[in-house]
Amino acid sequence: MSTSAGPRMVTRCMSRCSGQQLFTEDKLPPSLGQEAVAGKRERPKPPRRQRKAKLEMAYESLDRDGDVENDDSTPKKPKWEPPNWRLQLENIREMRKSKDAPVDHMGVEHCYDQNAPPEVMRYQVLLSLMLSSQTKDQVTAAAMQRLRERGLTLDSILQMDDNTLGQLIYPVGFWRSKVQYIKQTSKILKQRYGGDIPATVEELVALPGVGPKMAHLAMAIAWDKVSGIAVDTHVHRITNRLKWTKKETKYPEETRAALEDWLPRQLWKEINWLLVGFGQQTCLPVNPRCGDCLNRGLCPAARRP
């Protein structure tokens with residue numbers, strides 16, 4: 001009568017949480033191998049205190065059913081917003097109520113022909129935005145006036161030679177580059193959009209010479225749609241001075257994302273107009289007129305007497 005090759009052995013449970021599991025000699029874990037068969041002593045177990053600590057760390061974020069806990073009853077943190085921003089905003093509105101800043105009568109909203117067909121009007125809005133980059137409103141308005149006197153349409157720009165276009169838009173900032181951008185963008189609009197401008201931010205920023213600020217303003221002025229906050233140098237500077245961002249931002253697009261995270265959407269269109277005029281008259285880039293500002297007691301960057 002034959003006997004088994006060795007005594008049948010049972011090991012301890014390898015995990016306190018998985019339930020007991022029996023191993024026979026033909027299914028011994030690799031760590032035991034022939035040492036257990038030969039009757040050698042098992043390796044000493046880790047101290048009980050150490051094993052318990054590991055289990056607690058592994059399961060501290062799990063519920064009783066083994067799923068990750070997702071306690072919806074935990075109150076959500078309120079959305080961050082800067083202190084006193086509503087009072088600061090009301091003060092800026094008060095300072096801007098006279099509407100006598102350059103943007104109020106020479107901004108993009110005043111540079112296009114309001115009696116032109118809709119697609120021509122939208123094209124003129126886009127061109128004025130392209131010209132306005134790194135350029136004062138007075139210079140942009142004068143360049144747009146010269147273009148309109150020549151009959152400003154997409155076809156008239158395409159038929160115009162580069163030298164003439166350059167003379168008409170000079171001295172806007174980077175006028176040589178803008179001549180090329182305007183010509184390239186006009187060709188794209190003719191070929192892909194039937195002479196109109198795109199109706200989405202994504203398509204607008206894909207055009208040569210069109211950035212995010214221009215795209216959001218084009219959506220607001222040309223299409224009457226609020227797609228985001230238009231952040232130019234004034235908005236970027238003033239919101240950082242007022243600490244309207246959680247931390248200081250270096251670029252306008254960072255500022256836009258930071259503002260859109262907390263500023264109510266119904267204010268997105270107004271905020272550009274308010275802060276641009278405020279930056280042109282009071283919160284100047286150099287030597288801001290803090291003494292004339294209603295926020296001098298609320299602004300972290302205000303120059304105290």
Test side-chain contact (heavy atoms from CB on, under 4.5 Å) applied to Arg150 and Thr164, step by step
CA-CA 11 Å; Arg150 297 285 295 261; Thr164 300; 3.8 Å; yes
Do you see a donor-acceptor pair shorter than 3.5 Å between the side chains of Thr255 and Thr249?
yes
Does the pair Asp261/Lys79 count as a salt bridge with the N-to-O cut at 4.0 Å?
no
Are more than 12 heavy atoms from other residues, nucleotides or ligands located less than 6.0 Å from atom OH of Tyr112?
yes
Counting only heavy atoms from other residues, nucleotides and ligands, does the tally under 6.0 Å from NZ of Lys183 exceed 12?
yes
Please walk me through it: do Lys97 and Glu94 pass salt bridge (Lys or Arg N to Asp or Glu O under 4.0 Å)?
CA-CA 5 Å; Lys97 68 180 182 180; Glu94 178 65 22; 2.7 Å; yes
Side chain to side chain contact (heavy atoms under 4.5 Å, CB included) with Tyr123: which of Thr153, Ile157, Thr185?
Ile157
Are Arg176 and Asp162 close enough for a salt bridge, meaning some N to O gap below 4.0 Å?
no
If you measure from CG on Leu189 to CD on Glu203, what distance do you get to the nearest 0.5 Å?
10.5 Å
Is there a donor-acceptor contact under 3.5 Å linking the side chains of Gln281 and Asp100?
yes
Which heavy atom of Met130 sits nearest a heavy atom of Gly209, and at what distance?
CG-O, 4.0 Å
Would you say Glu109 and Trp273 are linked by a side-chain donor-acceptor pair, where the criterion is simply a distance under 3.5 Å?
no
Taking the basic N atoms (NZ, or NE/NH1/NH2) and the acidic carboxylate oxygens, is any pair closer than 4.0 Å for Glu90 and Arg93?
yes
Separation of Leu152 CG from Gln124 CD (nearest 0.5 Å)
4.5 Å
